[in-house]
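We name chains A, B, ... by the order of the sequence lines, and we start the count at 1 in each one. Being a predicted model, the structure only gives us computed values, none of them experimental.
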There are 2 protein chains.
Amino acid sequence: MHGKLQRKTGHLLNAEPLADFKVGVDNVIFSVDTDQNRLLVLLVMRHDAPYCGCWSLPGTLVRQGESLEDAAYRVLSEKIRVNNLYLEQLYTFGGPDRDPREEEDSYGVRYLSVSHFALVRFAEAELIADGVSGIAWYPLAQVPTLAFDHAEVLAYGYQRLKNKLEYSPIAFDVLPDIFTLGDLYQLYVTVLGEGFSDYSNFRARLLKLGFLEDTGNKTSRGAGRPASLYRFDADAFELLKDKPMVFI
Amino acid sequence: MHGKLQRKTGHLLNAEPLADFKVGVDNVIFSVDTDQNRLLVLLVMRHDAPYCGCWSLPGTLVRQGESLEDAAYRVLSEKIRVNNLYLEQLYTFGGPDRDPREEEDSYGVRYLSVSHFALVRFAEAELIADGVSGIAWYPLAQVPTLAFDHAEVLAYGYQRLKNKLEYSPIAFDVLPDIFTLGDLYQLYVTVLGEGFSDYSNFRARLLKLGFLEDTGNKTSRGAGRPASLYRFDADAFELLKDKPMVFI
DNA sequence: CCAAAAGTGTTTACAGTACACCCATGT
DNA sequence: ACATGGGTGTACTGTAAACACTTTTGG
């Protein structure tokens, strides 16, 4: 963070000039459609150059006075209305020539992308169609060719999603407050694929962790025995969070 | 990545103007002094405003045509000569007001920092003293107050170091080609603290993984039984890398 | 011979896997 | 009654944790 100052000190007088950047934020927004057992990514259609007519991850350029995280939340809220979500920074892509505008502008401006990863509750997510721009949930297997380096960003985000599910409680940010263990299991299966674990073992492991509170209520959904409804006990979880924990 | 274009579409005409950025790279560079059993971080003394006279992480601003990773390697090579190292991107800090220059300049330029994390081989690391700037290895426990938000960056890097040691083979990037299991164990103890594991259990676990090749040679260092010398077999490791693996 | 470091083995406890089986509901 | 999903239990296997013990060196 002090290359400019170093050049004053002498030995770097012939250094290349500094790059000027616009900083973008691109979001990999996942949701799980538990009715159809599908993992979905939110994509938007571009209506301007570059990559006009191409699908891309929802993104924006960071404004004056706006933090990276604020920008990430802004993109999200411009595209969908949602109350429950998990969001974190993913990775920063900043190589030269990753954005065609760098050549056109010829001002030497670089475009850098700080990607973010989000998981939202599908049931309550309401897409904001602004009449012009296309916006849609895509099943992961059917994602079309994406603009920029967004295919790479998406792959990175998918990896992070799978890892996060294994050792952190993000699933509960996206489940209803009250849920059955079947709901939870189905979410894991949809993301990680069948055969990541037996249901009864999954069940036993999760319950033994001790932060799932049985509400005492039950729900009946069609045929089959009614399922107990559980609540995620954030306080109980806090006490255990320093200890390594596997949800597998 | 298309906020500018969106504004043309109408509903965002009154949006805030975009921020212009300089992008910096700050490195958290660790090494392990196995003689004195100390975990060290590389710090440099600042000789210009802001934070003049304050210690900071080694960093620089990204130049035209330079990738983030290139910039990270450049900072590193300007400060130390080293042949073996591990380096990866850590996190991007980009909030407004994280750099005092943002106010002085009054051009509205923002300073963003893409932090990187590195682990280098201590024995061969040769600090480059340019006569003016101070540069030194600091034991983690004795790190002074740092410039900018570098204390936060350092804390983040330390966490990453501990995690990486547990499930990836970065230790071998920083050990000599030929080493004893005692060397390896000592590195882990120095970073993770005593009591992360018993030596004999650590030993059994690592050997069972199957990518440590016994060279057949032995070394004698003072009193005690001579130790077998091992080599990290990168090919054998590649075959197993997709399977989850714990070095603990 | 003794201390120091390397290396081996054993015991115990618990965690993951793969099932088999019982339970409560809708149709 | 039976299909369907919820829920419980068990036997097998493997691995982590603690620790006792043997081996080979220097002094």
### Query
Any idea how B/F196 and B/F202 line up, ring-wise: parallel (<30°), tilted (30 to 60°), or perpendicular (>60°)?
perpendicular
### Task
Please state whether the rings of A/F179 and A/F172 are parallel, tilted or perpendicular, taking 30° and 60° as the class boundaries.
tilted
### Query
Among all residues two or more places apart in sequence or in another chain, which pass the side chain to side chain contact (heavy atoms under 4.5 Å, CB included) test with A/Q36?
A/D33, A/R38
## Note on the structure
Across all chains, not counting sequence neighbours, the side-chain hydrogen bond (donor to acceptor under 3.5 Å, both in side chains) partners of A/S228 are A/K218
### Task
Please name all residues satisfying ring-ring contact (aromatic ring centres under 6.0 Å, His included) with B/Y73, sequence neighbours left out, ordered by chain then number.
none
### Task
Please list, chain by chain and in numerical order, all residues satisfying side chain to side chain contact (heavy atoms under 4.5 Å, CB included) with B/A227, sequence neighbours excluded.
B/T180, B/T219
### Message
Between B/S113 and B/D26, is there a side-chain donor-acceptor contact under 3.5 Å, judged purely by atom types and distance?
### Response
yes
### Message
Does B/R203 reach a base, just sugar-phosphate, or nothing at all? Heavy atoms under 4.0 Å.
### Response
base
### Query
Taking the inter-plane angle between the rings of A/F247 and A/F211 on a 0 to 90° scale, is it parallel (under 30°), tilted (30 to 60°) or perpendicular (over 60°)?
tilted
### All pairs passing salt bridge (Lys or Arg N to Asp or Glu O under 4.0 Å) where residues 176-193 of chain A contributes a residue, at least two apart
A/R121-A/D177, A/D183-A/R221
### Query
Listed in order of residue number, which residues of residues 193-200 of chain B have a non-hydrogen atom at under 4.0 Å from DNA chain C?
B/Y199, B/S200
### Query
Pairs in or reaching into residues 147-166 of chain B: which pass salt bridge (Lys or Arg N to Asp or Glu O under 4.0 Å), with residues at least two apart or in two chains?
B/E88-B/R160, B/E88-B/K164, B/R98-B/D149
## Note on the structure
In short, salt bridge (Lys or Arg N to Asp or Glu O under 4.0 Å) pairs touching residues 225-239 of chain A with sequence neighbours left out are A/E213-A/R231, A/E238-A/K241
### Task
Find which nucleotide of DNA chain C each of B/G224 and B/L229 is nearest to by heavy atoms, and output the residue with the more 5' nucleotide.
B/G224
### Query
salt bridge (Lys or Arg N to Asp or Glu O under 4.0 Å) with B/E194: which residues, sequence neighbours excluded?
none
### Query
What are the 5'-most and 3'-most nucleotides of DNA chain D lying under 4.0 Å from any heavy atom of chain A?
D/dT4 to D/dG9
#### Entry: Residues in contact with DNA chain C, drawn from residues 205-213 of chain A - heavy-atom cutoff 4.0 Å
A/R205, A/K208
## Note on the structure
Note: chain B reaches DNA chain C at heavy-atom distances under 4.0 Å over the stretch, first to last nt, 5' to 3', of C/dA4 to C/dG9
### Task
Anything under 30° is parallel, anything over 60° is perpendicular, the rest tilted; go ahead and classify B/Y156 against B/Y91.
tilted
